[in-house]
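This report refers to the structure that appears directly beneath it.
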Amino acid sequence: MSYDLEQENKEISARYKDLISNTYRTLDEENNKLIRKAFDIALDAHKDQRRKTGEPYIYHPIAVAKIVATEIGLGASSIACALLHDVIEDSDYTYEDLKKIFGERIAGIVNGLTKISIMNHQNISVQSENYRKLLLTLSEDFRVILIKIADRLHNMRTLESMAPDKQKKIASETVYIYAPMAHRLGLYNIKSELEDLSLKYNNPDIYNEITEKLELAKENRIRYIEEFTKEVSARLKEEGLNVSIKGRAKAISSIYRKMLKQGVSFEEVFDNYAIRIIYKSDAKNEKFLAWKIYSIVTDVYHSNPSRMRDWITQPRSTGYESLHLTVLGPDKKWIEVQIRSERMDDIAEKGVAAHYKYKEGYKQSNDDRNFEKWVTEIRDVLEQQQNLSTSELLDNIKLNLYSKEVFVFTPKGEIKILPTNATALDFAFSVHSDLGMKCLGAKINGKLVPISYVLQNGDQVDIISSQNQKPKFDWLDFVVTSKAKSKIKSYLNSEKNSFVEEGKEILQRKLRHAKINFNDEEINKLQKFFNLKSSQELFLKFQTNELDASSLRKYIESKNVFNNLLSRFKRNTNKNQHYEEPKEINLDMIVFGKDEEKLNYSYAKCCTVIPGDKIFGFITISEGIKVHSDNCPNAINLRAQYDYRVIPAKWVNEESFKNRIKIEIEGLDRMGMINDITTVISGAMGMDMKSMSIESNNGIFTGNINLEVKHKGQLEETFKKLKAIDGISRIRRI
């Protein structure tokens, strides 16, 4: 392929100028020289490299640096690191070279980014090892994770050039690992975009449908916001307030979650956009003005008190501050209104990175401490749980990523922020590990309660402890914070560590005798094969002789079958840059891989698959190939953690297959409704209705129907005809 190098050099220069146009206004000459030096090194390092699109590779680090500068708001050192983030991995430049040129701090951050990147390319049995690496680097310098999030965001924005199976793998890992981390660091816009782009590649039909409906509703949305602004602006100006009012559509992924959670259509999601009022203020009057604006808005429009959220009086642990209220706006439609100062908006847009702009005059120290406390907590969890598999570690830490929060008080009146559903025991561990270990019970607002009591907003908590108390296994059933879980598990595990080590040595000997390597990947496979929760459990079973040489022989036999299957689909995986749809051939049911092989398979129990659904195969260790729907609740986890075991699959003869599915119908109860439904299903569509249950309550009926379906097209046509029946308001496949 030929390239216009002169034109490309002009484009590189233009993109660099666009980047620095955002920094010259805020950075001094020395910092801008640092960015220029980093750009020159990156340009030299990547001079002969191109992306899969054919573009010069340098476009990518420039784009990542721009995200770091404008969308996250980091300074010169971070922008330089973003420009250099692939230099060590992709060129002859070493850590020592960068250390000499830029110093230890920048070289260290780039080196941290390189370690994460290398992990992405390794064939690791549990992909979320990346997550452990991300968290470890976070505890050293959180700029590493911020730059890595920017890197992943640009990769997601330019994912079109990848093969569809690769797109799904990257999209699944993004929503599994990077979106929760962006959320926890307060990067809400980036988190939403990562989730939206992941949905675009994991479920393109849904993504396109919601996108089109949002576009169709755009004109009405603009008109609605203009009317709201006109009504409120006049009152705000009378009070001498300097504000800007803007509307925004909710994230596509957020709308889709509501559709799933509430079992409603797009049209029934009543708050798919919001209005934001941003005001100018000095530090002294910031909180006062927020409540003044709140008072004016609720004078104009009726508010819904149950949906009011005050994140200004007590900010979230991420530092997020805003007043959220829901009002009955123009056209008598409910709409969410967010009230925040320019400072609050900056932090809401750019997360923890924006905190350091507002050290003077604003009460930000508590928020910074919350963040630093969270980082310390993550570090403690990592240090305490070295024996856990990464998937278990991931589950423990993700407890605190998306969780909502509850605010409680110590006996001295200090506020503690804990996840929703946290218990008195979680509170004890949050105060001090030793207090948690010796916790007997608690007094909540002066009343004695057990340690399993679930905390409510505003509770005052006084912990009762005893020197004779020790952690018990059932404590793990009701604690929710990662700190409490890790400390309890650490104590419980300490007594059996010697047995674990002994079992580990026994297994090592047996594997060595069988000429099998002892490594993390093999341990994970053994764990899965014997259906055990952790490597510790595996070692203990060998120590107690519950598992022995005969058990290991069964594993080796299944492993040979598994490896034969896997090796077929690993050939040429990375050789073809351009994906081609496999040609239709006349085989039965489902074929696998680009060679369209006819193999034995069974259907996964976690999802209902019908012909016409988009599907994929997953090679299990002990049960051969399992077929999953692309919309399976486990699809994202499988692609994120075990992508090398996911194989393309397609239908070839849909008519030869039937599958039973369940649908739910809701509507107005009336005479003849059941007859109309059965006429469509059994008459017009000729479907076999296996069972039907209908309940009526105050004129509203809900029904569950089990059907034998031949293929997706038949189901979609049935839904279309059922929706046309007078009185039916909602239909969904369960």
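- A donor-acceptor distance shorter than 3.5 angstrom exists from the side chain of Asp548 to the backbone of Ser551, with no hydrogens or angles considered.
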Q: Please lay out, stage by stage, how Ile72 and Leu187 fare under the test side chain to side chain contact (heavy atoms under 4.5 Å, CB included).
A: CA-CA 8 Å; Ile72 301 179; Leu187 301 169; 4.2 Å; yes
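- Atom CE of Met437 sits about 8.0 Å away from atom CH2 of Trp475, to the nearest 0.5 Å.
- In this structure, a donor-acceptor pair under 3.5 Å is present between the side chains of Gln469 and Lys472.
- In this structure the side chain of Leu194 reaches within 4.5 angstrom of the side chain of Leu153, judged on heavy atoms.
- The aromatic rings of His183 and Tyr188 sit perpendicular, their planes meeting at an angle over 60°, well past the 30° parallel limit.
- Remark: Asp477 CG is packed, more than 12 non-hydrogen atoms of other residues, nucleotides or ligands lying under 6.0 Å away.
- You'll find the side chain of Met156 stays beyond 4.5 Å of the side chain of Glu193, heavy atoms only.
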Q. Would Ile109 and Ile106 count as a side chain to side chain contact (heavy atoms under 4.5 Å, CB included) if you check the C-alpha gap in whole Å, the side-chain angles of each, and the deciding distance to 0.1 Å?
A. CA-CA 5 Å; Ile109 293 172; Ile106 287 177; 5.7 Å; no
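- For the ring-ring contact (aromatic ring centres under 6.0 Å, His included) test, no residue two or more places apart in sequence or in another chain qualifies with Phe618.
- Residues Thr410 and Lys416 meet the side-chain proximity criterion, which asks for heavy atoms closer than 4.5 Å.
- The two residues His85 and Val64 have their closest heavy-atom pair at CE1-CG2, 3.9 Å.
- A pairwise comparison of heavy atoms in Lys487 and Ser433 identifies CE-OG, 3.1 Å as the closest pair.
- Separation of atoms OG (Ser466) and CG (Leu440) is listed at 4.5 Å; rounding is to 0.5 Å.
- Every residue meeting the side-chain hydrogen bond (donor to acceptor under 3.5 Å, both in side chains) condition with Ser602, not counting sequence neighbours, appears here in chain and number order: Lys626.
- Residue Leu425 comes nearest to Gly436 through the heavy atom pair CD1-O, 3.6 Å, listed as atom of the first residue, atom of the second, then distance.
- Within the cation-pi definition used here (under 6.0 Å to the ring centroid, within 45° of the axis), Arg639 does not qualify as a partner of Tyr176.
- In this structure, Phe409 and Val461 have side chains that are not in contact, with every pair of non-hydrogen atoms separated by 4.5 Å or more.
- Within 6.0 Å of atom CD in Gln508, more than 12 heavy atoms from other residues, nucleotides or ligands are found, so the atom counts as buried in its surroundings.
- Side-chain contact check for Asn631 versus Asn203: some heavy-atom pair is nearer than 4.5 Å.
- Note that CZ of Phe539 is 11.0 Å distant from CG of Leu532, once rounded to the nearest 0.5 Å.
- Of all non-hydrogen atoms in Ser629 and Phe616, the two that sit nearest each other are O-CE2, 3.7 Å.
- Under the 3.5 Å distance criterion, the side-chain polar atoms of Gln167 are left unmatched by any main-chain donor or acceptor of Tyr201.
- Judged purely by distance below 3.5 Å, without hydrogens or angles, the side chains of Asn189 and Glu349 pair a donor atom with an acceptor atom.
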In residues 447-456, what donor-acceptor pairs under 3.5 Å come from side-chain atoms, sequence neighbours left out?
unit_1 : atom_1 : unit_2 : atom_2 : d
Tyr453 : OH     : Asp459 : OD2    : 2.9
Gln456 : NE2    : Val454 : O      : 3.3

**Q.** side chain to side chain contact (heavy atoms under 4.5 Å, CB included) between Leu526 and Leu552, intermediate numbers included
**A.** CA-CA 9 Å; Leu526 280 160; Leu552 201 57; 3.8 Å; yes
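- For the pair Thr174 (side chain) and Tyr178 (backbone), a donor-acceptor distance under 3.5 Å is absent.
- Here the side chains of Lys510 and His513 are not in contact, with every heavy-atom distance at 4.5 Å or above.
- Rounded to the nearest 0.5 angstrom, Lys438 NZ and Ser465 OG are separated by 7.5 Å.
- Side chain of Ser172 to backbone of Lys168: a donor-acceptor contact under 3.5 angstrom is found.
- Here the side chain of Asp426 pairs a donor or acceptor atom with the backbone of Thr481 at under 3.5 angstrom.
- Heavy atoms only, all atoms of each residue included: Pro411 and Gln460 are closest at O-NE2, 3.4 Å.
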Q.
Let's go through Lys504 and Phe518 carefully: what are the C-alpha distance in whole Å and the side-chain angles of both, what is the deciding distance for side chain to side chain contact (heavy atoms under 4.5 Å, CB included) to 0.1 Å, and is it a yes or a no?
A. CA-CA 10 Å; Lys504 188 175 180 180; Phe518 181 91; 3.8 Å; yes
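- A side-chain donor-acceptor contact under 3.5 Å links Ser486 to the backbone of Ser482.
- For the pair Asp630 and Ile615, the minimum side-chain heavy-atom distance is 4.5 Å or more.
- Here Tyr603 and Tyr601 bring their ring centres to under 6.0 angstrom of each other.
- The closest side-chain heavy-atom distance from Ser430 to Lys483 is not below 4.5 Å.
- Atom CG of Asn531 sits in a sparse spot, with 12 or fewer heavy atoms from other residues, nucleotides or ligands closer than 6.0 Å.
- When all heavy atoms are compared, the tightest approach of Pro180 to Ile177 is CD-O, 3.4 Å.
- For the atom pair OG (Ser253) and NZ (Lys258), the distance works out to 11.5 Å, reported to the nearest 0.5 Å.
- Rounding to the nearest 0.5 Å places SG of Cys606 at 7.0 Å from CG of Leu638.
- For Asp462 (side chain) and Lys443 (main-chain N/O), no donor-acceptor pair under 3.5 Å exists by modelled atom type.
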